[in-house]
Amino acid sequence: MGPRIGPIGEELQVPDKDTKAMVGTEDIPGGKARPNPQDLRPSVFHSIKFFVLCHSLLQLAQLMISGYLKSSISTVEKRFGLSSQTSGLLAAFNEVGNTALIVFVSYFGSRVHRPRLIGYGAVLVTLAGVLMAVPHFISEPYHYDHTSPDMPQDFEASLCVPTTEAPTSAPTPSNSSCSGYTEVQHLAVVGIMFTAQTLLGVGGVPIQPFGISYIDDFAHNSNSPLYLGILFAVTMMGPGMAYGLGSLMLRLYVDIDRMPEGGISLTSKDPRWVGAWWLGFLISAGTVALAATPYFFFPKEMPKEKRELRFRRKVLAVSDPPVSKGEDASSERSPGESPEKKDGLAQIAPDLTVIQFIKVFPRVMLRTLRHPIFLLVVLSQVCMSSMVAGMATFLPKFLERQFSVTASYANLLIGCLTIPLAIVGIVVGGILVKRLRLGPMHCGTLCLLGALFCLLLSTPLFFMGCSTHQIAGINHQPGAQPGLELFPGCTEPCSCPSDDFNPVCDSSARVEYLTPCHAGCRSRVVHEASDKGQVFYTNCSCVVGGGPVPAGSCDSACSHLVLPFMILVSLAAALASVTHTPSFMLILRGVKKEDKTLAVGIQFMLLRVLAWMPSPVIHGSAIDTTCVYWAQSCGRRAVCHYYDHDLLRNRFIGLQFFFKTGSLACFALILAILRQQDKEEGTKATIPNPGLQQQLLASGAKKEPEESRV
């Protein structure tokens with residue numbers, strides 16, 4: 001054993017250089033001496049505080065890249081012709097790789113070099129982010145109409161050309177059929193994105209569990225909760241930053257790196273606008289790569305932190321009573337020195353082989369699921385997480401369709417309003433549990449009240465919206481495809497393509513037409529504005545007075561309701577978030593001590609399998625059923641252009657209402673079970689044991705006072 005460095009003022013007498021080089025080397029992994037004997041200060045990579053800082057930044061960047069796809073889901077749909085069901089499956093696919101491997105984290109535990117494995121996972125997340133942007137570079141430039149590449153977009157092709165004057169030498173290609181290369185390219189693009197999402201989930205497996213366990217192992221026992229609180233507080237800003245980044249990127253045109261000559265005549269309010277969705281993935285991937293670099297320099301094990309933080313000691317000295325030496329010694333005891341026997345799976349896992357671990361895990365999981373409180377809390381969290389997953393994925397698209405706002409503005413509202421209030425709700429729930437020292441019964445009551453008020457605030461959302469405006473030639477019945485005979489007779493002289501999409505709006509009659517041709521427009525003019533030119537179409541035979549009519553869809557008649565709608569959604573999210581900490585405490589207090597670690601692992605696994613994976617697909621499928629006009633691509637159904645707004649609102653908000661009701665019902669059952677358990681415990685405490693009474697009576701008159709006390 002080498003000598004230790006004592007406190008300040010107790011310098012060691014080091015006789016020579018070689019002995020000096022060995023001072024303080026026992027805390028270094030492997031017992032190797034530092035190359036510079038004069039530098040006796042520990043490296044920054046041996047500081048748990050620096051690890052907490054690095055891990056907070058890494059988890060922030062990881063959640064930012066994981067949540068970025070949700071902020072640009074409608075843009076990806078338009079760019080690659082995806083249905084909401086397919087995009088929902090894409091958003092949920094990162095949970096597939098994560099769920100498949102997360103169980104083995106309990107097995108490997110501290111066997112591996114945790115910081116290095118976190119770094120490898122972060123590198124994989126970086127590669128997944130770069131891979132998500134690859135489809136942009138291998139695809140053709142975005143054409144928002146069906147003109148040929150050498151013709152100016154949005155010009156003659158969409159105008160009403162009399163049948164006798166229509167060109168016959170070069171017919172416009174139809175979307176009902178296309179080349180095999182185009183179809184293969186589409187499948188390759190979709191396959192690349194699904195692969196990237198899978199890698200994103202696999203790369204995220206070691207980051208949070210290994211980081212938390214590393215902090216808990218080497219931080220001072222009193223400082224560990226504070227460090228984990230800082231970690232979670234910083235991490236929770238990740239989704240908000242993802243929506244903020246999406247808001248910025250979607251203001252830029254998708255082909256900003258290869259703009260066509262003469263520019264474009266689209267504005268971000270045009271339904272054909274596609275923002276630079278790919279740029280956010282590259283920025284997020286670069287952020288993850290930078291945050292991952294320090295992990296390759298942290299040791300496998302570092303010296304355990306020996307001092308409690310100063311300001312924490314001052315706070316405890318003021319707020320808490322003094323602690324006796326015996327209690328202090330017990331708090332300083334490391335987990336390995338605990339006198340209590342620990343026989344949970346998390347403790348015996350290091351002694352098992354992989355095959356034995358796989359065999360033991362289902363039995364322990366079933367034993368844990370037999371706890372009624374644990375099962376009901378997990379079911380309530382599954383309902384809440386299903387609600388959150390569906391809203392996080394499709395709320396931006398819902399706002400775009402229901403209130404005619406841009407994708408950028410929708411993301412801005414969510415990132416600046418909903419996410420911060422949800423964070424506030426989590427913090428308030430934790431403070432209430434801490435300050436009021438709530439027991440299981442009161443935690444259940446708090447969860448029930450939070451779920452109830454969340455449900456009540458969601459009820460007015462059913463009525464905050466308006467019906468779809470009239471669209472010429474389209475039946476407002478989901479699944480009905482428009483036929484040419486449904487269009488007004490004023491377009492009979494025109495040879496309009498049935499699969500083109502370049503909407504114009506007759507604002508006086510509030511009627512929208514699929515293209516200027518379907519409105520009978522024969523000419524086009526551009527009014528130059530300060531930043532971009534506004535396109536108008538004139539000589540329109542289907543419009544009273546002949547126009548002019550502006551390009552783009554008609555604005556929603558209830559766009560002024562978007563802020564009240566978002567305020568209610570955000571307040572409901574805050575109330576739902578209040579239940580996060582108390583429900584977590586119900587899990588920790590509802591299972592055996594040796595099963596706590598595994599119970600938390602099972603909880604997160606079930607949330608992924610039952611909520612985060614299926615919920616986006618369920619919400620996307622429900623949204624698809626409200627579509628009234630589908631675009632066609634290569635003879636298949638592609639992106640939806642028009643929805644029945646009333647049906648969309650009722651089904652999207654209805655799904656949210658259903659999951660919130662399920663969570664409320666679970667919390668009500670939990671409270672009923674807790675009350676029943678309290679009554680049973682109270683009955684046992686008041687009614688003495690008959691066997692005990694007989695023993696006390698037989699023991700003589702000396703035991704009578706004890707019997708009366710019982």
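Below, all heavy atoms of this structure are taken into account, side chains as well, without hydrogens, waters or symmetry copies.
At distances below 3.5 Å, at least one donor-acceptor pair connects side-chain atoms of Thr468 with backbone N or O atoms of Tyr643. Under a 3.5 Å cut-off, the side chain of Asn98 and the backbone N or O of Asn94 do not form any donor-acceptor pair. One N or O on the side chain of Thr625 and one on the backbone of Ala622 form a donor-acceptor pair closer than 3.5 Å. Judged by distance alone, with hydrogens and angles left aside, the side-chain atoms of Gln185 form a donor-acceptor pair with the main-chain N or O of Ile138 at under 3.5 Å.
Between Tyr142 and Lys78, the side chains place no donor N or O within less than 3.5 Å of an acceptor N or O (distance only, hydrogens not considered). Judged purely by distance below 3.5 Å, without hydrogens or angles, the side chains of Tyr214 and His55 never pair a donor atom with an acceptor atom. Side-chain polar atoms of Glu400 and Tyr409 form no donor-acceptor pair below 3.5 angstrom. At a cut-off of 3.5 Å, with distance as the only test, no side-chain donor of Ser386 or Ser615 sits close to an acceptor on the other residue. Side-chain polar atoms of Arg524 and Thr538 form no donor-acceptor pair below 3.5 angstrom. Checked by atom type, the side-chain pair Ser559/Ser404 shows no donor-acceptor distance below 3.5 Å. Side-chain polar atoms of Arg251 and Ser408 form a donor-acceptor pair below 3.5 angstrom.
Only one option out of Phe296, Tyr295, Phe297 pairs with Arg116 in a side-chain contact (heavy atoms from CB on, under 4.5 Å); it is Phe296.
For Thr126 against Ala289, the heavy-atom pair with the smallest separation is OG1-N, 3.4 Å. The two residues Thr75 and Gly275 have their closest heavy-atom pair at CG2-N, 3.6 Å.
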Derivation of the side-chain hydrogen bond (donor to acceptor under 3.5 Å, both in side chains) call for Glu512 and Tyr642: CA-CA 11 Å; Glu512 187 169 323; Tyr642 293 108; 2.5 Å; yes
Stepwise side-chain hydrogen bond (donor to acceptor under 3.5 Å, both in side chains) test for Ser83 and Thr86: CA-CA 5 Å; Ser83 65; Thr86 305; 3.0 Å; yes
Intermediate values then yes/no, side chain to side chain contact (heavy atoms under 4.5 Å, CB included), Leu417 and Met566: CA-CA 8 Å; Leu417 198 60; Met566 284 304 299; 4.0 Å; yes
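In this structure, Tyr243 has its ring center no closer than 6.0 Å to that of Tyr68. Here the two rings, on Tyr253 and Trp273, have centers that are under 6.0 Å apart. Ring to ring, His641 and Phe501 are close: their centroids are under 6.0 angstrom apart. If you look at Phe394 and Phe652, their ring centroids are not closer than 6.0 Å.
The environment of CE in Met241 is sparse: at most 12 heavy-atom neighbours from other residues, nucleotides or ligands sit within 6.0 Å.
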